[in-house]
K.L.:
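So that we are looking at the same thing, I have put the structure below in structure tokens.
Any value given below was found using the heavy atoms of this structure, including those in side chains, with hydrogens, waters and symmetry copies removed.
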Amino acid sequence: LAANCIPVIISDRWADVAVPFAHGRNWDARDGLDISRFTININEGTWMTDMDQVGTVLWKIISNTTLARQHYDAMQEARYKLLWAMPHNRVADYVLESTKRCINDD
């Protein structure tokens, strides 16, 4: 993100456990920042067993200028929410709001 690279996430449970600013308990994260518009997600099984498919997924995006631009533009919109070093970032606001939701989550 800081280097303007579209993140590639290799995980089967990212949405359950690691979405930025999500809240919840017992592996039930919800209401976090929607990163699907600017990330490329590849499941762990594919990553471990089928590099041809990984290449196909990546090529599908980088060979399509419109799709690649959509990912890039969405990433630019999200950077100020995720990077402390961005001018006029909103990271603290999102951290505090997420913390508030966690405390109030019964």
Side-chain angles (χ1 to χ4, degrees):
L1 227 54
N4 275 321
C5 296
I6 296 171
V8 176
I9 297 172
I10 313 299
S11 177
D12 292 341
R13 305 233 19 237
W14 174 267
D16 296 330
V17 298
V19 173
F21 312 120
H23 66 99
R25 294 195 172 115
N26 301 321
W27 307 107
D28 179 29
R30 60 187 178 280
D31 299 329
L33 181 65
D34 180 11
I35 61 168
S36 64
R37 292 180 48 232
F38 66 90
T39 59
I40 300 169
N41 297 290
I42 299 172
N43 72 47
E44 295 166 12
T46 301
W47 180 259
M48 296 300 291
T49 62
D50 193 354
M51 276 293 141
D52 288 337
Q53 179 61 25
V54 171
T56 299
V57 168
L58 296 175
W59 184 250
K60 178 181 175 186
I61 293 170
I62 63 173
S63 66
N64 181 327
T65 305
T66 302
L67 189 56
R69 187 63 179 189
Q70 288 170 347
H71 273 70
Y72 181 81
D73 290 344
M75 180 184 63
Q76 295 307 312
E77 292 173 20
R79 289 177 79 218
Y80 79 97
K81 299 173 187 175
L82 294 167
L83 298 174
W84 289 97
M86 288 290 296
H88 312 291
N89 76 70
R90 303 269 323 274
V91 178
D93 297 333
Y94 281 87
V95 168
L96 292 172
E97 182 59 32
S98 179
T99 302
K100 178 179 162 186
R101 286 193 317 246
C102 284
I103 291 170
N104 294 329
D105 199 17
D106 294 329

K.L.:
Mind jotting down which residue pairs meet the salt bridge (Lys or Arg N to Asp or Glu O under 4.0 Å) criterion with at least one end in residues 58-74? Sequence neighbours excluded, please.
P.N.:
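Only Arg69-Asp73 qualify under salt bridge (Lys or Arg N to Asp or Glu O under 4.0 Å).
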K.L.:
Just to verify, what does Asp93 make a salt bridge (charged side-chain N to carboxylate O under 4.0 Å, His left out) with, not counting sequence neighbours?
P.N.:
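So Asp93 forms a salt bridge (charged side-chain N to carboxylate O under 4.0 Å, His left out) with Arg90.
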K.L.:
Taking side-chain contact (heavy atoms from CB on, under 4.5 Å) as the definition, give me every residue that meets it alongside Asp52, ordered by chain and number, with sequence neighbours left out.
P.N.:
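Listed in chain order: Asp50.
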K.L.:
When you look at CH2 of Trp59, are more than 12 heavy atoms from neighbouring residues, nucleotides or ligands closer to it than 6.0 Å?
P.N.:
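Count not over threshold, so no.
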K.L.:
Treating Ile, Leu, Val, Met, Phe, Trp and Tyr as nodes and any side-chain heavy-atom pair under 4.5 angstrom as an edge, say whether Leu82 and Tyr72 lie in one connected cluster.
P.N.:
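Per the 4.5 Å side-chain linkage, Leu82 and Tyr72 are co-clustered.
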K.L.:
Examine Ile6 and Ile10 and state if one hydrophobic cluster contains both, with Ile, Leu, Val, Met, Phe, Trp and Tyr joined whenever side-chain heavy atoms are less than 4.5 Å apart.
P.N.:
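Yes, one cluster joins them.
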K.L.:
Please find the pair of heavy atoms, one from Lys81 and one from Val91, that lie closest to each other, and give the distance.
P.N.:
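Looking at all heavy atoms of both residues, the shortest contact is O-CG2, 3.6 Å.
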K.L.:
Do any side-chain atoms of residues 38-49 form donor-acceptor pairs under 3.5 angstrom with protein atoms, and if so which ones, sequence neighbours left out?
P.N.:
from	atom 1	to	atom 2	distance (Å)
Thr39	OG1	Ile35	O	2.9
Thr39	OG1	Asn41	ND2	3.4
Asn43	OD1	Gly45	N	3.1
Asn43	OD1	Thr46	N	2.7
Asn43	OD1	Thr46	OG1	2.9
Asn43	ND2	Thr46	OG1	3.4
Glu44	OE2	Asp12	N	3.1
Thr49	OG1	Gly45	O	2.6

K.L.:
Could you tell me which residues satisfy side-chain hydrogen bond (donor to acceptor under 3.5 Å, both in side chains) with Ser11, sequence neighbours excluded, listed by chain and number?
P.N.:
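Partners of Ser11 under the side-chain hydrogen bond (donor to acceptor under 3.5 Å, both in side chains) test: none.
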K.L.:
Looking only at atom types and distance, does a side-chain atom of Asn89 sit under 3.5 Å from a main-chain N or O of Met86, one as donor and one as acceptor?
P.N.:
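Present.
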K.L.:
Quick one: does Met75's side chain get under 4.5 Å of Cys5's, heavy atoms only?
P.N.:
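No, too far: nothing below the 4.5 Å cut-off.
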K.L.:
Rounded to the nearest 0.5 Å, what separates atom CD in Gln76 from atom CG in Leu1?
P.N.:
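Rounded to the nearest 0.5 Å, the CD-CG separation comes to 8.5 Å.
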K.L.:
Which heavy atom of Ile61 sits nearest to which heavy atom of Ala68, and what is that distance?
P.N.:
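That closest heavy-atom pairing would be O-CB, 3.5 Å.
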K.L.:
By salt bridge (charged side-chain N to carboxylate O under 4.0 Å, His left out), which residues pair with Glu77, not counting sequence neighbours?
P.N.:
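Salt bridge (charged side-chain N to carboxylate O under 4.0 Å, His left out) list for Glu77, sorted by chain: Arg37.
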K.L.:
Is it possible for you to say whether Ile9 and Leu83 belong to one hydrophobic cluster, with membership spreading through side-chain heavy-atom contacts below 4.5 Å?
P.N.:
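As far as the 4.5 Å side-chain criterion goes, Leu83 and Ile9 are connected within one cluster.
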